[in-house]
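Here is the structure we will look at, set down as structure tokens.
Everything numeric in this text was worked out from a predicted model, so none of it was measured. Letters go in sequence order (proteins before strands), and every chain restarts at 1.
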Amino acid sequence: MIRSLRGMNDILSEDYERFTYFLQTASRIAQHYGHHYIETPLLEETALFKRSVGESSDIVGKEMYQFTDKGGNDVCLRPEGTAGVVRAFIQNKLDRKGGIHRFFYHGPMFRYERPQKGRLREFHQFGVESFGVSSVYEDAAMIMMVSDILNELGIGYRLQLNSLGCQECMPPYRKKLISFLQAAEEHICEDCIRRKSTNPIRVLDCKNGSCQEKYIDAPKLIDHLCENCAADFATLQKILKDNDIEFEIDTHLVRGLDYYSKTAFEFVSDNIGSQSAIAGGGRYDRLVEFLDGRATPAVGFAIGIERLLELIKMPEAGLEGYYMGAMDKEAIPTIIKTAQSKRHSDRVVVEYEPKGLKAHLKNADRIKARYCVVVGENELKENTLWVKDLQEKKELVIPADEFQEI
RNA sequence: GUGGGUGUAGCUCAGUUGGUUAGAGCACUAGUUUGUGGCACUGGGGGCCGUGGGUUCGAGACCCAUCAUCCACCCCA
């Protein structure tokens, strides 16, 4: 038997219902915030991700589905959505056009990781990006949008917030932290020593208890923000409070992608296993420049759809449409024809084998049909249809040519 | 990449210290009932016991390998 590749799942039946319900809800809300749909290719030049996500990240370092295509191009399946949208933004010269451009997207992402609960090799994200707005109000709008989406779906969460500083305050802080780590080098774990050169801020996040003890006195980024970053961070907190969004400051929150600056946030759930991040995002004011566009402030987020799936509270599904069946072989052509025209307006499922009334009613229940329509000996003779409303538990016999009207 | 758990029917799982023809519940199907659903009862179909090798008179069970899957670390959505 041929199976799907490790970490790549089919989405069907009940999961698919949830999946599309999520997309409908999230898309509608993003549109209410003024965003427009954008679709970018699944396959992009590898350099795009190296330059945006960053060579020091795990994603680029070891998780990309990278290969050489038949034309000799170094390409890979997208591991995240932002890079492609930024590329499209620049390629379509929207950076030169100026103004504000707001997008949302959804689709599969690919990372070559060891699968576990809430972590797949092919997974789906819903993402939102905003270009041309430097105001921290836009950062707040992103967070409120995620909050709206999760609330609408009945999903509980905790919001974690941090500021990563900008090109003015981050580099000096980084230096300070590195020298602190150098001094403590003998007392920290191997992972932290590695992180010191790749992504030093990550060490603050180390799970190792003895490392954590050492880091109590480590310099904190939040104390080293420049005037502008500190003011924006304070404003952001005020906006969220004014709008009844609860949050916690997490000074250890470091997004794993290199392009973030200033606002960083993560929505987490305590009910889905160790992969608890359900949405994450932040500001990336420098990324458009890094990818050869004209400097444009930007902010965005992404939601991991699979991680949400089991948390979504679905609206109760009612009975819908028609089930049609015959009790005699001779009546089959009649129901086929009746069903065919009814399908222009409703869902109709037809049983092709003649069966007893009881079996038909059972089938109708199974597919959650509102009406069960059966043609038997009597109906065939009198050119009528027997119709039972499974919800109201009422039945009636009507002339076949009046069926379209009910 | 590292560590641990699990692979028996469509699904959830039993299967004793190795011993005849591998079981249950749910689901499916037919009947009880030749025109009244969700219930009940009775019958029926379904299994290379993940795969390959080994030990043994004998392996679903023990050993080795391999594959798959799940969970955790790392990291992220």
### Message
Donor-acceptor pair, distance only, cut-off 3.5 Å: does the side chain of A:Arg347 make one with the backbone of A:Gly321?
### Response
no
### Query
Quick one: salt bridge (Lys or Arg N to Asp or Glu O under 4.0 Å) pairs with a partner in residues 154-164 of chain A, sequence neighbours left out?
A:Arg158-A:Glu248, A:Arg158-A:Asp270
### Task
For B:G45 versus B:C26, give the span between their C1' atoms, rounded off to a whole number of Å.
16 Å
### Query
NZ of A:Lys393 versus P of B:G38: gap in Å, rounded?
10 Å
### Query
Among the nucleotides B:U36, B:G1, B:A68, which one has an atom lying closest to any side-chain atom of A:Arg3?
B:A68
### Task
Describe, in one word, how the ring planes of A:His101 and A:Phe103 are oriented to each other, choosing from parallel (under 30°), tilted (30 to 60°) and perpendicular (over 60°).
parallel
### Query
Which of residues 7-25 of chain A sit near RNA chain B, with a heavy atom under 4.0 Å from it?
none
### Message
Is the phosphate of B:C70 approached by A:Gln116 (side-chain N or O, under 4.0 Å from OP1 or OP2)?
### Response
no
### Task
Choose from B:U69, B:C76, B:G38 the nucleotide whose nearest atom is closest to any side-chain atom of A:Arg111.
B:C76
### Task
Sequence neighbours left out, what passes salt bridge (charged side-chain N to carboxylate O under 4.0 Å, His left out) with A:Lys368? Give chain and number order.
none
### Task
Mind checking side chain to side chain donor-acceptor pair (under 3.5 Å) for A:Glu330 and listing every partner two or more places apart, or none if nothing turns up?
none
### Query
For A:Phe233, is the NZ or CZ atom of A:Lys262 found under 6.0 angstrom from the centre of its six-membered ring and inside 45 degrees of the ring axis?
no
### Query
Looking for any heavy atom pair under 4.0 Å, which part of the strands does A:Gly127 touch: base, sugar-phosphate only, or nothing?
nothing
### Task
Indicate, with a heavy-atom threshold strictly under 4.0 Å, whether A:Leu120 touches base, sugar-phosphate, or nothing.
base
### Message
What's A:Ala279 touching, base or sugar-phosphate or nothing? Going by heavy atoms closer than 4.0 Å.
### Response
sugar-phosphate
#### Entry: Side-chain N,O (A:Arg6) to OP1/OP2 (B:U69) below 4.0 Å
yes
### Message
Could you tell me if the side chain of A:Arg6 sits less than 4.5 Å from the side chain of A:Arg121, heavy atoms only?
### Response
yes
### Message
Below 4.0 angstrom, which residues in residues 375-383 of chain A have at least one non-hydrogen atom near RNA chain B?
### Response
A:Glu377, A:Asn378, A:Glu379
### Task
Could you check which of B:G3, B:C76, B:G35 has an atom nearest any side-chain atom of A:Arg114?
B:G3
### Query
Would you say the side chains of A:Tyr284 and A:Glu129 form a donor-acceptor pair under 3.5 Å?
yes
## Note on the structure
In 5'-to-3' order, the base (B), backbone-only (S) or no-contact (-) status of each nucleotide in nucleotides 29-34 of chain B, using a 4.0 angstrom heavy-atom cut-off, is SS-BB-
## Note on the structure
So salt bridge (Lys or Arg N to Asp or Glu O under 4.0 Å) across residues 393-404 of chain A, not counting sequence neighbours, yields A:Lys388-A:Glu395
### Sequence-distant partners of A:Phe104, ring pair (Phe, Tyr, Trp, His ring centres under 6.0 Å), two or more places apart
A:Tyr37, A:Phe126
### Message
Under 6.0 Å between ring centres: does that hold for A:Phe403 and A:Tyr322?
### Response
yes
### Message
Under 4.0 Å, counting only non-hydrogen atoms across every strand here, what does A:Glu80 touch: a base, just sugar-phosphate, or nothing?
### Response
nothing
## Note on the structure
The correct list of stems in which RNA chain B takes part (3 or more consecutive Watson-Crick or G-U pairs, distances under 3.5 Å) is B:1-7 with B:67-73, B:10-13 with B:23-26, B:28-32 with B:40-44, B:50-54 with B:62-66
### Message
When you compare the ring of A:Phe123 with the six-membered ring of B:A77's base, are the centres less than 5.5 Å apart and the planes under 30° from each other?
### Response
yes
### Task
Give every residue pair that meets the side chain to side chain donor-acceptor pair (under 3.5 Å) criterion with at least one member in residues 44-53 of chain A, sequence neighbours excluded.
A:Glu44-A:Arg87, A:Thr46-A:Asp74, A:Arg51-A:Asp292
### Task
Give the rounded distance in Å between these two atoms: NZ of A:Lys388 and P of B:G38.
10 Å
### Query
Does the side chain of A:Ser57 get closer than 4.0 angstrom to OP1 or OP2 of B:C76 through an N or O atom?
no
#### Entry: Toward the 5' end of RNA chain B, by each residue's nearest nucleotide, A:Asp365 or A:Tyr112
A:Tyr112
### Query
Sequence neighbours excluded, which residues qualify as salt bridge (charged side-chain N to carboxylate O under 4.0 Å, His left out) partners of A:Glu122?
none
### Query
Please, which pairs that meet salt bridge (Lys or Arg N to Asp or Glu O under 4.0 Å) have at least one residue in residues 132-144 of chain A, sequence neighbours excluded?
A:Arg102-A:Glu138, A:Asp139-A:Arg283
### Message
Mind checking if A:Glu306 touches a base, just sugar-phosphate, or nothing, with heavy atoms under 4.0 Å?
### Response
nothing
### Query
Quick one: does A:Arg307 reach the base of B:C76 with a side-chain donor-acceptor pair under 3.5 Å?
yes
### Message
Need one value for A:Gly280: base, sugar-phosphate or nothing, where a base atom within 4.0 Å counts as base even if backbone is also close, heavy atoms only.
### Response
sugar-phosphate
#### Entry: Residues A:Arg28, A:Glu152: salt bridge by 4.0 Å N-O rule
yes
### Message
Looking only at the side chain of A:Glu63 (C-beta and beyond, no hydrogens), which of the listed nucleotides B:U2, B:C75, B:A77 gets closest?
### Response
B:C75
#### Entry: Sugar-phosphate only, base, or nothing, as touched by A:Ile305 at under 4.0 Å among non-hydrogen atoms
nothing
